[in-house]
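Written below as structure tokens is the structure these notes are about.
Residue numbers run from 1 in the order of the sequence given.
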Amino acid sequence: MDLSGYRRDIPRTYVHLTRDQCYVEELQQRSIALLRAEVIDLDTGHMAMISAPGKLAAVLNTVHG
């Protein structure tokens, strides 16, 4: 995968799904380190848009402004 675009200094936010069983914690932590992103924890599984749509919307509204 070409990640060269990630070298630009732009704000990044990673929504860390703390109960995700599809994208396991080790992979999430590697992604966070690679992106050097601000992290927002959300206590949900992989399908946050289904299990906690209001919480996810609140997070996205916070990030977007």
Side-chain angles (χ1 to χ4, degrees):
M1 174 183 314
D2 179 8
L3 298 177
S4 60
Y6 285 115
R7 292 189 182 127
R8 295 185 300 177
D9 189 24
I10 58 173
R12 297 178 179 94
T13 302
Y14 187 97
V15 180
H16 175 229
L17 305 175
T18 61
R19 291 190 278 153
D20 195 337
Q21 297 298 306
C22 295
Y23 196 55
V24 296
E25 185 65 24
E26 178 184 343
L27 292 176
Q28 289 192 69
Q29 292 303 319
R30 286 174 51 192
S31 294
I32 290 166
L34 177 66
L35 294 173
R36 296 182 307 270
E38 175 187 347
V39 177
I40 297 176
D41 290 328
L42 192 58
D43 187 27
T44 70
H46 189 74
M47 299 295 287
M49 67 291 277
I50 304 295
S51 64
K55 289 180 183 179
L56 180 58
V59 167
L60 295 176
N61 284 333
T62 298
V63 171
H64 186 269

Task: Distance (rounded to the nearest 0.5 Å) between Glu25 CD and His16 NE2 - done: 3.5 Å

Open item on the list: Quick test of your reading: applying salt bridge (Lys or Arg N to Asp or Glu O under 4.0 Å), list the pairs with at least one residue in residues 53-65, sequence neighbours left out, ordered by first then second residue.
Closed with: none

Taking a hydrophobic cluster as the set of Ile, Leu, Val, Met, Phe, Trp and Tyr residues connected by side-chain heavy atoms closer than 4.5 Å, whether directly or through intermediates, do [X] and [Y] fall within one such cluster?
X	Y	result
Val39	Tyr23	yes
Ile32	Leu27	yes
Leu17	Leu60	yes
Leu35	Val24	yes
Val15	Val63	yes

Task: Contact summary for Tyr14 and Ser31, nearest pair of heavy atoms - done: CE1-CB, 3.8 Å

Side-chain atoms of residues 42-53: list all donor-acceptor pairs with protein atoms under 3.5 Å, sequence neighbours left out, distances to 0.1 Å.
from: Asp43; atom 1: OD1; to: Thr18; atom 2: OG1; distance (Å): 3.0
from: Asp43; atom 1: OD1; to: Arg19; atom 2: NE; distance (Å): 3.0
from: His46; atom 1: ND1; to: Asp20; atom 2: OD1; distance (Å): 3.2
from: His46; atom 1: ND1; to: Asp20; atom 2: OD2; distance (Å): 2.9
from: Ser51; atom 1: OG; to: Met47; atom 2: O; distance (Å): 3.4

